[in-house]
Amino acid sequence: MTSEQGKAMLKSYAVAIEKMVNLPPTHPHNWFRNAFVHFMDCPHGNWWFYVWHRGYVGFFEQTVRSLSSNPNFAFPYWDWTQTPEIPEGMFDGVLTPVDKAFQPYTKDLDTFTAYIKPTMQAYWNGLSKAQRQQLDARGYTDFNLLWNDVTGYDPSTGKIVPGNQGFAATERARYLSRDNPKLDDKTAHACSPDVIRAGLAPTLFHSPDVAGSFTSSKTPSHNTMPGKGTSFSVLEGQPHNLVHNGIGGVGPWNPGPYGNMTNFLSPVDPVFFLHHANMDRLWSVWEGKQRKQGLPVLPTDKTELDQLVRERFLFFVRADGTFVTDGKAGDYLSTDRFEYDYAPGFGDGEGMQVAAATARKPGRPVKGTVKAGVGSVTLAGAPTGPVVAAVTVPRSADPTAAREYDVLVNAPAGVTEAGADSPYYAGTVGFFGPAMPGMAHDATFAVPLPQRLQAMTTLNQTNKQASATLEFRLVPAYDKSAAAPAVKAVSVHTL
């Protein structure tokens, strides 16, 4: 994004956005219709996260090429590790969703509803049986349930939950601004070099051990909603989730309504595609690292591989406006499908360093115990490589519950909050998107442990063979009035 070529691409992107915003809602390339593809079908917290978003961004890139009349258009990526702030160009004109061009359609919920709801209802009525089955798995068994997630309406209470609104009014469509472009310190930590290296370190595309898995949990379908057994790999749970939340105002705008990036209509914010281009690039970097080591980039078990590649993606839209109703995950496992590659960014130059670190055989996970909501893990000696904790967090069925929690390690009992520079701060775990009605479950997050943690410093400075205990607590990241959730399980993994 910050290169001269990237800046030139943003100009073509803006031309296409302006045309899409002004297309009628019945047109498949209407800007808001395009966001509903993500709203209705996006997978998160499972191993189809990367490949689905590659297909979504890839088809949209081709659409931008067509509408901008730039046949060479390619999405620039936002390397938030090297540039932990939204670059200046993304605050110009239609590249920011608070621009006046969006006002006629998103000035308030009533306006947006009158504009888009009839079209979406008609589209719903024309869906195929296979599409409806996938939406059933997502919990959208009728159109009203889908629309509830646009408005934030909770049918169990009959009330609107502001933080769960997929819709964002124009003036609150993005929290970060030209005067306040920087990611907050905790989100910047989630994008930091050590966290990204830990996310690139796994040697398996998927593993039940989330700390050693490049992807998140394996589920029956990409539309399976998060539930028991959900796990977030380092890159999805850390930079992906927290960048979405930070741009959308989780924290400063609690309890909502938030900006577009915080919920499933997030592609209404043009920065979405540059954020996901970087996530896609890191997948490509990981594959390059694997190949350098002679390691597989996909599951080696035939049954697993078949399950991965045969998953049907039925909601994408081509550049000519026709719908992709016969797509499969296997179609998008390579960037060759969309004829692009990435210019170097953070991670490429780290390839040999990451490869050397992961050439060691990972240590066996050390499982901890839990008592009174505190997880404890005893290590037999100082770790010999990067350390990642797998921390299981309860997600409340309360739709107003906090979305982000700080993980503290060996913090004194009186410490109930910590900044990103605290010697007790291990990282922040954050949920992207609202909890669906009645959705109460535990989720496990892979959290790399910083070497600057007081507990790690002490461990490394003392006798290398001496045992040490790490105690894990959770505290709300922003809402200090909220109750601190209990740690449900914890383990520590040396990569």
Side-chain angles (χ1 to χ4, degrees), residues 34 36-63 75 127-138 140 202 204-208 210 213-227 229-233 235-236 240 264 267 272-273 276-288 290-291 295-319 322-342 432-433:
N34 181 64
F36 268 100
V37 175
H38 184 268
F39 183 90
M40 295 174 70
D41 197 45
C42 62
H44 295 93
N46 68 50
W47 69 343
W48 284 291
F49 165 81
Y50 284 102
V51 67
W52 186 93
H53 284 85
R54 175 173 288 173
Y56 180 54
V57 176
F59 280 116
F60 184 59
E61 180 175 84
Q62 293 179 340
T63 297
F75 269 113
L127 292 175
S128 69
K129 181 179 178 181
Q131 289 173 314
R132 291 294 297 273
Q133 287 174 337
Q134 289 198 347
L135 290 169
D136 286 349
R138 197 174 178 88
Y140 294 149
L204 296 174
F205 181 81
H206 178 263
S207 169
V210 68
S213 179
F214 179 69
T215 57
S216 299
S217 31
K218 185 172 65 174
T219 55
S221 158
H222 78 281
N223 272 301
T224 301
M225 286 293 92
T230 292
S231 59
F232 290 92
S233 61
L235 294 182
E236 184 182 355
H240 171 264
F264 295 140
F272 171 97
F273 293 93
H276 271 277
N278 199 41
M279 292 299 299
D280 184 72
R281 181 186 69 87
L282 290 173
W283 179 17
S284 182
V285 169
W286 179 81
E287 290 182 320
Q290 291 287 100
R291 293 186 177 107
L295 295 172
V297 297
L298 292 170
T300 56
D301 179 84
K302 185 179 184 303
T303 301
E304 276 200 337
L305 183 60
D306 284 349
Q307 182 192 0
L308 175 70
V309 303
R310 293 186 181 188
E311 178 71 2
R312 301 174 72 188
F313 295 162
L314 306 177
F315 291 87
F316 296 149
V317 181
R318 299 184 184 91
T322 58
F323 294 95
V324 181
T325 58
D326 58 351
K328 300 186 300 296
D331 298 337
Y332 315 114
L333 287 170
S334 170
T335 58
D336 293 345
R337 170 62 181 78
F338 296 105
E339 302 177 304
Y340 67 86
D341 200 352
Y342 287 103
F432 166 63

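Starting from 1, each residue takes its place in the sequence as its number.
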Test ring pair (Phe, Tyr, Trp, His ring centres under 6.0 Å) applied to Phe205 - qualifying residues, sequence neighbours left out: none
Without swapping roles, check the side chain of Gln62 against the backbone of Arg318 for a donor-acceptor pair under 3.5 Å. no
Stepwise, does the side chain to side chain donor-acceptor pair (under 3.5 Å) test hold for Ser221 with Glu311? CA-CA 7 Å; Ser221 158; Glu311 178 71 2; 3.3 Å; yes
Roughly how far, to the nearest 0.5 Å, is the CZ atom of Phe316 from the NE2 atom of His38? 10.0 Å
In Å, rounded to the nearest 0.5 Å, how long is the span from CG of Asn223 to CZ of Arg138? 5.5 Å
From CD (Gln290) to CG (Leu298), nearest 0.5 Å: 10.0 Å
Side-chain donor or acceptor of Ser231 paired with backbone N/O of Ser216 under 3.5 Å: no
Between Phe49 and His240, does the ring centre distance come in under 6.0 Å? yes
Test of understanding: with salt bridge (Lys or Arg N to Asp or Glu O under 4.0 Å), list the residues that count as partners of Lys129, not counting sequence neighbours. none
For the pair Phe338 and Tyr340, name the ring-plane relationship: parallel under 30°, tilted 30 to 60°, perpendicular over 60°. parallel
side-chain hydrogen bond (donor to acceptor under 3.5 Å, both in side chains) partners of Gln307, counting only residues at least two apart: none
Side chain to side chain contact (heavy atoms under 4.5 Å, CB included) between Trp48 and Thr215, worked out: CA-CA 8 Å; Trp48 284 291; Thr215 57; over 6 Å; no
Tell me every residue that passes salt bridge (Lys or Arg N to Asp or Glu O under 4.0 Å) with Asp306, counting only those two or more places apart in sequence or in another chain. Lys302
Those residues that, when tested against Thr300, pass side-chain hydrogen bond (donor to acceptor under 3.5 Å, both in side chains) (two or more places apart): none
Could you tell me which residues satisfy side chain to side chain contact (heavy atoms under 4.5 Å, CB included) with Val57, sequence neighbours excluded, listed by chain and number? Phe75, Phe273, His276
His206 ring center near Phe214 ring center (under 6.0 Å): no
Report the relative orientation of the aromatic rings in Phe272 and Tyr56; use parallel for angles under 30°, tilted for 30 to 60°, perpendicular for over 60°. perpendicular
Tyr342/Trp283 aromatic ring centres below 6.0 Å: no
Pair Gln134-Met40, side chain to side chain contact (heavy atoms under 4.5 Å, CB included): steps then yes or no: CA-CA 10 Å; Gln134 289 198 347; Met40 295 174 70; over 6 Å; no
Provide the full list of salt bridge (Lys or Arg N to Asp or Glu O under 4.0 Å) pairs with a residue in residues 48-63, sequence neighbours left out, each pair given once. Arg54-Asp280, Glu61-Arg65
Results of side chain to side chain contact (heavy atoms under 4.5 Å, CB included) for Leu204 - residues two or more places apart only: Ser207
Can you tell me if CZ on Arg312 sees more than 12 non-hydrogen neighbours from other groups inside 6.0 Å? no
Heavy atoms, side chains only, cut-off 4.5 Å: are Ser213 and Pro202 in contact? no
Are the side chain of Glu236 and the backbone of Ser233 linked by a donor-acceptor contact shorter than 3.5 Å? no
What residues form a ring pair (Phe, Tyr, Trp, His ring centres under 6.0 Å) with Phe36, not counting sequence neighbours? Phe39
Inter-residue atom distance Asp41.CG - Phe315.CZ, 0.5 Å rounding: 5.0 Å
Salt bridge (Lys or Arg N to Asp or Glu O under 4.0 Å) partners of residues 333-342, not counting sequence neighbours, each pair once: none
Rounded to the nearest 0.5 Å, how far apart are CG of Leu127 and CD of Gln133? 12.0 Å
Side chains of Trp286 and Leu235 in contact at under 4.5 Å (non-hydrogen atoms): no
Residues at least two apart in sequence or cross-chain that pass side-chain hydrogen bond (donor to acceptor under 3.5 Å, both in side chains) with Glu304, listed by chain then number, are Lys218
Going by the ring-ring contact (aromatic ring centres under 6.0 Å, His included) test, name the single residue among Phe264, Phe232, Tyr50 that passes it with His44. Phe264
Exercise answer: donor-acceptor pairs, residues 323-333 side-chain atoms, under 3.5 Å, sequence neighbours excluded:
unit_1 : atom_1 : unit_2 : atom_2 : d
Asp331 : OD2    : Lys328 : N      : 2.9

Between Ser217 and Trp47, does a side chain to side chain contact (heavy atoms under 4.5 Å, CB included) hold up when you go through it step by step? CA-CA 6 Å; Ser217 31; Trp47 69 343; over 6 Å; no
